[in-house]
Amino acid sequence: MQVRVQSEIFDMGAELNRFAERQVNAGAVVSFSGIVRDLATGGLKFMVIEHYPGMTEKALQAIAEDAVQRFQLYDAFILHRYGPLAPSDPIMMVATAARHRGDAFAGAEFLMDFLKSRAPFWKKEITSDDATWVEAREADEDALTRWKPDHSPD
Amino acid sequence: MQVRVQSEIFDMGAELNRFAERQVNAGAVVSFSGIVRDLATGGLKFMVIEHYPGMTEKALQAIAEDAVQRFQLYDAFILHRYGPLAPSDPIMMVATAARHRGDAFAGAEFLMDFLKSRAPFWKKEITSDDATWVEAREADEDALTRWKPDHSPD
Amino acid sequence: MIELRYFAWIRERVGTGHESYETQAATVADLIEELRGRDEGYAFAFSDPASVRVAVDQELVEPDAPLKGAREVAFFPPMTGG
Amino acid sequence: MIELRYFAWIRERVGTGHESYETQAATVADLIEELRGRDEGYAFAFSDPASVRVAVDQELVEPDAPLKGAREVAFFPPMTGG
């Protein structure tokens with residue numbers, strides 16, 4: 001299990017390969033990568049991600065451990081950037097390894113849902129004449145309910 | 001949209017990067033990679049994958065088109081190998097790109113579910129003293145039902 | 001003449017990957033019944049119809065699919081890719 | 001003394017990222033109420049309690065969480081990573 005927080009850009013393919021090469025006998029590897037999108041109106045100059053050093057690493061570690069235990073993953077990986085990011089830059093990625101694909105997919109979705117709403121990162125979008133904090137989407141908070149123990153899965 | 005069928009080994013990280021670089025303004029990229037596992041008893045020497053040239057490419061193309069339309073994906077990619085594969089070799093991968101993560105994940109799971117049970121590939125496991133065709137898992141056929149229109153999603 | 005194709009253990013039991021075959025069978029199920037009568041290998045290959053999948057001209061079909069106009073019929077076990 | 005930390009637009013409204021602060025407040029909610037009274041910046045930062053998240057010693061807590069023994073309390077808007 002590995003979590004990393006860095007300002008530097010990263011190579012998602014190289015990270016995926018490193019993750020997959022660490023695995024022993026996992027049949028399924030899933031990755032998710034988040035990428036800086038331009039605004040609907042166009043004109044995004046860059047994005048700035050603020051985080052809470054210290055708490056961030058602990059939160060990511062806890063989320064990764066939780067995913068590994070819940071879905072009997074062989075391994076989980078979380079990488080998240082902070083600081084200024086250009087449009088089309090990778091923001092973050094997660095990867096999971098499991099015996100079968102169902103657990104690898106569920107584990108990756110779980111990582112993303114918790115990372116979105118429970119890890120201390122905040123995005124700000126900078127255009128040539130404006131700087132706006134991204135608002136949390138209600139859908140992201142709602143996504144957490146599906147992982148509650150009393151929520152019967154489909 | 002791209003589908004590829006090949007006997008050569010491939011580099012999943014390089015494929016993921018090529019796929020991601022083709023995208024314009026996708027916020028979410030998901031990949032799944034399937035890897036040759038050793039048998040529970042150990043002793044897998046290699047795996048052989050047989051396929052149905054001609055039908056394979058058509059089936060994969062149809063599955064990719066279906067996924068793009070259902071989940072409004074920006075793009076989908078399927079790569080599957082055939083012939084002899086060594087333990088811990090990558091067997092296949094899929095990738096999806098979408099605006100938001102939910103569609104990218106659902107699209108990738110859809111690709112996998114249909115590829116497993118609707119694309120003409122057959123796996124044979126070769127040990128030093130045996131050669132056994134892998135049996136289809138009932139769970140794989142069952143997985144398709146969740147994508148039926150009358151099946152209300154969770 | 002229809003081109004018949006066999007894959008995986010159905011191919012191994014039949015003993016060939018493809019052959020040209022003359023038939024008056026109206027449906028896939030009729031053709032399977034006919035093939036079963038050819039010899040022990042075919043009988044073994046088609047002994048459990050539930051584990052035989054069929055494609056007509058490279059499209060998956062059900063056993064009651066008609067054969068009229070078909071150029072290629074393929075028989076194989078449930079698929080195990082991915 | 002508790003170390004207070006502020007992030008994102010709460011930090012911008014308060015005007016600082018961190019400060020040491022002396023308080024007798026028993027709970028997080030009491031502390032927020034106290035901070036709101038300090039000046040216009042704090043009042044603005046905490047004007048909508050529903051959009052304030054709080055961590056005590058780097059663990060997310062609810063507003064009724066006690067402050068006894070806390071070394072670090074952080075205030076921030078709903079998180080938007082990923």
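A, B, ... follow the sequence lines: proteins, then strands. Residue 1 opens every chain.
Heavy-atom distances place both the backbone and the side chain of R118(B) under 4.5 Å from chain C. Both the backbone and the side chain of A8(C) come within less than 4.5 Å of a heavy atom of chain B. With a 4.5 angstrom heavy-atom cutoff, E135(B) touches chain C only via backbone atoms.
Considering CD of Q58(C) and CD of E57(B), their distance stands at 8.5 Å, rounded to 0.5 Å.
When the side-chain contact (heavy atoms from CB on, under 4.5 Å) test is applied to S20(C), the partners found at least two apart in sequence or on another chain are M1(C), E3(C). By the ring pair (Phe, Tyr, Trp, His ring centres under 6.0 Å) test, F7(C) is found to be paired with Y52(B), W122(B), residues two or more places apart in sequence or in another chain being considered. Scanning for side-chain contact (heavy atoms from CB on, under 4.5 Å) contacts around I91(B) gives V36(B), M47(B), I49(B), H80(B), L85(B), K123(B), with sequence neighbours left out.
More than 12 heavy atoms of other residues, nucleotides or ligands lie within 6.0 Å of CZ in F10(B), so this atom counts as buried by the packing criterion. The neighbour count for Q72(B) CD, taken as heavy atoms of other residues, nucleotides or ligands under 6.0 Å away, does not exceed 12. Applying the 6.0 Å contact sphere to NZ of K45(B) captures no more than 12 heavy atoms from other residues, nucleotides or ligands.
Residues of residues 96-117 of chain B that come closer than 4.5 Å to chain C, counting heavy atoms only, are M112(B), L115(B), K116(B), S117(B), ordered by residue number.
Contact check on R11(C) versus E50(B) returns a salt bridge, with a Lys/Arg side-chain nitrogen under 4.0 Å from an Asp/Glu carboxylate oxygen.
With respect to chain B, the highest number of heavy-atom pairs below 4.5 Å among E59(C), E72(C), R53(C), E12(C) belongs to E12(C). Listed options A59(B), G54(B), A62(B) were ranked by heavy-atom pairs under 4.5 angstrom with chain C; first place goes to G54(B).
Of all heavy-atom pairs spanning V134(B) and T80(C), the tightest one is O-CG2, 3.4 Å.
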- Message: Applying side-chain contact (heavy atoms from CB on, under 4.5 Å) to L60(C) and M55(B), what does each step give before you reach the verdict?
- Response: CA-CA 10 Å; L60(C) 285 170; M55(B) 178 171 167; 3.9 Å; yes
